[in-house]
Q: 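One structure, as structure tokens, below. Some questions next.
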Amino acid sequence: MHHHGRAQAGARPNDPFRRRLRPPPRQPSRKQLHCHVVKFGFSSDIYIQNTLMNMYAARGCLTSACQNVTPNEIALVNVLTACARARDLETGKRLFGEMPERNLFCWNIMIKGHVEDSDYKEALRLEIIVRDRCRFHHFRDGCCSCKDFCGVGPNSHTFPFLLKGFTRDDAVAYGDELHAHVLKFGLSSNAHVRSALLRMYAVSGAVDTARELFEKSPERDVVSWNAMISGYNRSNMFEESCGLFTAMAGESVMPTATTYVLVLSACAKMKGLECGRQIHGRLMNGNLLPDLRLENALIEMYGQCGDLDSAWRLFQDMQTRDVISWTAVVVGFAKSGEIDRARALFDRMPERDRISWTAMIDGYVRAGRFKEALHVFREMQAAAVWPDEFTMVSLLTACAQLGALEIGEWARAYMERNGIKMDIAVGNALIDMYSKCGQVDNAVEIFRRMHRKDKFTWTAMISGLAVNGHGEDAIDLFSQMVETSVRPDEVTYIGVLTACGHAGLVDEGRKIFSSMIAVHGIMPNVTHYGCLVDLLGRAGRLEEALETINNMPMKPNSAVWGALLGACRVHGNLEMAELAAKHLVELQPHDSAAYLLLCSLYANRNKLEEAHKMREMIMVKGIKKEPGCSLVEMNGEVHEFVAGDRSHPRTGEIYTKLEEMIKELKRAGYVPDTSEILHGAGEEEAANAAIYQHSEKLAVAFGLISSRYGVAIRVVKNVRICIDCHNAMKFASKIYRREIVVRDRRRFHHFRSGSCSCKDYW
DNA sequence: ATAGGGTTAG
């Protein structure tokens with residue numbers, strides 16, 4: 001993953017730091033003024049010339065400014081400063097190159113310019129050159145022997161410039177060396193330099209080193225307290241943030257607005273509503289309100305803590321609102337499950353920036369409304385607002401859930417093309433997207449290319465391998481993870497245990513299960529027990545599975561009994577199946593899945609009377625099945641089908657193809673199996689008609705008419721695939737020579753030339 | 001007439 005230059009960044013309509021550019025001053029007479037100056041012969045006066053040039057420079061007319069300058073040190077410094085302000089590094093570099101004399105001031109400005117342009121390598125080189133130019137002048141105690149020329153070498157301005165905007169990677173790579181330079185030049189007692197160093201360590205995740213620096217500081221001003229609190233926020237150590245806030249008072253350091261913003265942000269993250277309310281009270285008592293930044297932070301805090309009434313009241317009472325205030329309430333509603341209200345507010349926003357758009361997309365993702373998330377992304381593009389890595393994470397999450405591989409791949413290419421940073425979160429989202437689209441090889445490729453991995457990276461990859469049927473690889477990866485001393489969490493363990501189940505590695509699974517507590521101190525939850533039951537049941541060790549359920553420290557849930565029932569069905573243990581089904585029905589009386597599985601088992605064992613009775617009972621009780629729904633992505637569009645769907649624009653063609661497909665499948669030996677479908681005696685015909693219209697069959701028929709020969713068809717289902725569709729897919733993959741990938745609620749089915757990767761166990 | 005440290009989404 002290479003990083004492109006951020007040359008486009010400056011041209012983005014939304015400034016990354018939301019700095020509002022001041023409205024341009026009226027400039028009707030600039031040219032006239034210039035002519036006037038030339039006409040009256042003032043142009044030789046250096047003071048007037050500089051003023052003129054400043055005028056151009058201040059208005060961002062750098063080219064004019066440069067053209068009208070007779071090189072003179074002060075003038076050049078002024079234009080260079082203007083270049084930095086206008087973020088025009090190119091002009092700055094040219095000017096710098098033409099300078100006869102370059103004082104430390106200029107070097108510092110150039111460092112600033114490069115850092116702002118994300119060119120840290122060049123910025124560091126410049127800092128070293130400062131050192132190099134002075135190497136012969138014997139720095140001691142931060143002073144250079146040559147006082148006439150280079151003054152004091154790298155000074156207290158140099159390091160803040162250089163350290164500002166350091167990314168985590170830069171901080172890790174250069175941090176210690178820079179710290180050594182600071183010490184060498186005797187700048188470590190400077191408050192600005194110390195705060196900048198502190199921030200750098202916090203950014204690199206070395207919050208303990210930052211704290212050490214903080215503790216050792218001879219005097220700690222409010223900015224260093226703020227930097228420290230910000231560091232704890234960054235490391236998700238919110239209690240420590242609040243602790244520092246309290247400790248400030250003990251040392252009589254007055255908090256600033258920034259302090260309050262930081263602490264309120266910590267309250268928001270740790271859902272500390274009480275703490276947040278106290279700060280709100282303090283702000284009111286201290287007459288610190290109204291203040292836009294503080295009000296925004298309060299809205300954010302109340303929104304995140306779920307106190308929407310307070311957030312909304314604050315928002316309504318505000319005298320002036322900016323885009324951040326609007327975004328904060330939109331996020332508040334979205335996170336409280338009121339996504340439609342969030343959308344209504346979003347539509348009323350007077351101005352939307354990248355963060356508001358991303359918040360809306362993310363809101364839809366959280367609400368599970370993934371197609372709408374994609375739609376908002378398209379609207380964002382139509383509004384010419386540039387996405388960033390945060391937007392892309394949300395987009396990729398939506399793609400993952402929808403199985404929208406084409407859009408996901410487009411997103412990846414888009415990021416490369418537009419130089420959007422591929423950070424850990426983006427990498428993790430890509431791994432997840434590829435895994436959930438059944439493209440585990442691509443997921444592995446991303447995983448290999450990530451030079452930094454966190455526990456989410458490992459977990460995503462392990463689960464991805466597991467669910468796609470690469471159990472052994474997943475287990476290998478888990479060992480590697482433990483070796484690299486990344487601590488697994490409970491989600492990681494679900495991934496590994498699933499892997500053991502799919503690979504049929506019972507003993508390995510048992511061992512891993514016990515290592516959970518013994519090695520990592522993680523108490524298994526009900527889902528882990530479900531994995532263990534599944535693992536044992538799959539291997540045919542039904543008694544052990546039941547024993548596990550009976551010895552569980554918590555009440556088994558439907559997934560646990562479901563796993564046992566599934567195992568009983570495959571291994572034909574009717575007695576235990578009845579037991580499992582009884583429990584399952586108790587837990588989910590309105591879901592037909594358990595009844596239907598039991599029906600299918602009765603039918604297989606030729607207990608037709610029981611099967612019939614069971615069906616009658618379902619009918620009488622009016623038990624409904626969760627409606628099945630299938631998604632299939634074609635040409636960047638996600639198409640949705642429910643059973644018997646006729647809403648698709650190409651519905652006529654789809655049903656013609658479906659009919660033809662069923663005929664061809666039958667010719668190849670496919671026999672419909674209605675055992676998992678609800679029907680009364682003598683209603684075989686109707687049942688057949690119903691299974692022919694299952695959503696995944698419609699999705700595949702649509703896939704066949706809308707894509708070229710040989711293209712894989714990927715379907716995402718919300719519920720478990722039924723036995724008949726599973727069978728039909730096997731035949732279809734063979735006679736149409738297509739790879740068909742169906743992701744159901746629990747796992748992947750990769751159908752290739754007549755067989756399925758799940759080996760008929762699911 | 002010229003620079004500096006702390007501020008919000010995954």
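Note that the structure is predicted; figures quoted are calculated from it, not measured. Letters A, B, ... mirror the listed sequences (proteins, then strands); counts begin at 1.
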Q: Does D423(A) contact dG10(B) through a side-chain donor or acceptor facing the base, at a distance under 3.5 Å?
A: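 Check passes, donor-acceptor contact within cut-off.
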Q: Under the salt bridge (charged side-chain N to carboxylate O under 4.0 Å, His left out) test, which residues partner E240(A), sequence neighbours left out?
A: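 Result, salt bridge (charged side-chain N to carboxylate O under 4.0 Å, His left out) vs E240(A): none returned.
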Q: Looking for any heavy atom pair under 4.0 Å, which part of the strands does A297(A) touch: base, sugar-phosphate only, or nothing?
A: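 Counting heavy atoms under 4.0 Å across all strands, no contact is made by A297(A).
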Q: Let's go through M349(A) and T327(A) carefully: what are the C-alpha distance in whole Å and the side-chain angles of both, what is the deciding distance for side-chain contact (heavy atoms from CB on, under 4.5 Å) to 0.1 Å, and is it a yes or a no?
A: CA-CA 9 Å; M349(A) 284 176 78; T327(A) 307; 3.8 Å; yes
Q: Using the six-membered ring for Trp and the full ring for Phe, Tyr or His, decide whether H192(A) stacks on the six-membered base ring of dG5(B) (centres under 5.5 Å, planes under 30°).
A: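 Not stacked: fails the 5.5 Å / 30° test.
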Q: Between atom CG in D353(A) and atom P in dT8(B), what is the gap in whole Å?
A: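 Going from CG in D353(A) over to P in dT8(B) covers 14 Å.
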Q: Scan R234(A) against the nucleic acid and name what it touches under 4.0 Å (heavy atoms): base, sugar-phosphate only, or nothing.
A: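 Touches sugar-phosphate only.
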Q: From the list dA3(B), dG4(B), dG6(B), which nucleotide is the closest neighbour of the side chain of N226(A)?
A: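 Ranking dA3(B), dG4(B), dG6(B) by closest atom to the N226(A) side chain puts dG6(B) first.
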Q: Give T258(A) one of three labels, base, sugar-phosphate or nothing, depending on what nucleic acid heavy atoms sit under 4.0 Å from its own.
A: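 Result for T258(A) = base.
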Q: Can you measure L80(A) atom CG to dA1(B) atom P for me and round it to whole angstrom units?
A: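 That distance rounds to 19 Å.
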Q: Which nucleotide, dG6(B), dG10(B), dG4(B), lies nearest any side-chain atom of N190(A)?
A: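 Looking only at heavy atoms from C-beta outward on N190(A), the closest nucleotide is dG4(B).
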Q: Determine the contact category for S394(A): base if any of its heavy atoms lies under 4.0 Å from a base atom, sugar-phosphate if only primed atoms, P, OP1 or OP2 are that close, otherwise nothing.
A: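 Here S394(A) touches no strand at all.
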Q: So which nucleotide from dA3(B), dG6(B), dG10(B) ends up closest to the side chain of V222(A)?
A: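 Taking heavy atoms from C-beta onward, the closest nucleotide is dG6(B).
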Q: Grab the CG-P distance between L292(A) and dT8(B) for me, whole Å please.
A: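 Answer to the nearest Å: 15 Å.
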Q: Separation of L198(A) atom CG from dG6(B) atom C1', in whole Å?
A: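 To the nearest whole Å, that distance equals 10 Å.
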Q: Under 4.0 angstrom, heavy atoms only, what part of the nucleic acid is D221(A) near: base, sugar-phosphate, or nothing?
A: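 Counting heavy atoms under 4.0 Å across all strands, the contact made by D221(A) includes a base.
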Q: Within less than 4.0 Å of OP1 or OP2 of dG4(B), is there a side-chain N or O belonging to K164(A)?
A: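 No, no such contact exists.
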Q: Starting the side chain at C-beta, find the nucleotide from dG6(B), dT7(B), dG4(B) nearest to V261(A).
A: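 Of all the options, the side chain of V261(A) is nearest to dT7(B).
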Q: What residues form a salt bridge (charged side-chain N to carboxylate O under 4.0 Å, His left out) with E239(A), not counting sequence neighbours?
A: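 Salt bridge (charged side-chain N to carboxylate O under 4.0 Å, His left out) list for E239(A), sorted by chain: empty.
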Q: What contact category does N296(A) fall into here, base, sugar-phosphate, or nothing, at under 4.0 angstrom with non-hydrogen atoms?
A: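 No contact.
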Q: In whole Å, what is the span from the CG atom of N233(A) to the P atom of dG10(B)?
A: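 It is 13 Å, rounded to the nearest whole Å.
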Q: If you check every side-chain atom of P160(A), which of dG6(B), dG5(B), dA3(B) has the closest atom?
A: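 Among dG6(B), dG5(B), dA3(B), the one nearest the side chain of P160(A) is dG5(B).
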Q: Is the side chain of R234(A) donor-acceptor paired with the backbone N or O of R199(A) at a distance under 3.5 Å, no angle test?
A: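 Such a contact is absent between R234(A) side chain and R199(A) backbone.
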Q: Rounded off to whole Å, could you give me the CG-to-C1' distance for the N428(A) and dG10(B) pair?
A: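 Distance, rounded to whole Å: 10 Å.
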Q: For a quick test of reading the model, state the closest non-hydrogen atom pair linking L163(A) to M200(A) and the distance between them.
A: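 Residues L163(A) and M200(A), closest heavy atoms: CD2-SD, 3.6 Å.
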Q: Could you walk me through whether L292(A) and M318(A) pass side-chain contact (heavy atoms from CB on, under 4.5 Å), step by step?
A: CA-CA 8 Å; L292(A) 188 59; M318(A) 280 171 94; 3.5 Å; yes
Q: Once you apply a heavy-atom cut-off of 4.0 Å, does V426(A) come out as touching a base, just sugar-phosphate, or nothing?
A: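 Here V426(A) touches the bases of the nucleic acid.
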Q: Nearest whole angstrom, please: distance from the C1' of dA3(B) to the NZ of K112(A).
A: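 The distance from NZ of K112(A) to C1' of dA3(B) comes to 7 Å, rounded to the nearest Å.
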Q: For the residue pair R211(A) / Y201(A), report whether a side-chain donor-acceptor contact shorter than 3.5 Å exists.
A: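 Side-chain D/A pair, Y201(A) to R211(A): absent.
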Q: Give a yes/no answer on whether the side chain of R199(A) brings an N or O atom under 4.0 Å of OP1 or OP2 in dG6(B).
A: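 For dG6(B), OP1 or OP2 has a side-chain N or O of R199(A) closer than 4.0 Å.
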Q: Would you classify A359(A) as touching base, sugar-phosphate or nothing, given that sugar-phosphate means primed atoms plus P, OP1 and OP2, and contacts are heavy atoms under 4.0 Å?
A: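 Counting heavy atoms under 4.0 Å across all strands, no contact is made by A359(A).
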Q: Once you round it to whole Å, what is the distance between C1' of dT7(B) and NZ of K269(A)?
A: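 From K269(A) NZ to dT7(B) C1': 11 Å.
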Q: Considering just the side-chain nitrogens and oxygens of S195(A), establish if one lies under 4.0 Å of OP1 or OP2 belonging to dG6(B).
A: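 No.
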Q: Is the base of dG4(B) touched by the side chain of S156(A) through a donor-acceptor pair closer than 3.5 angstrom?
A: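 By the distance-only test, yes, there is a pair.
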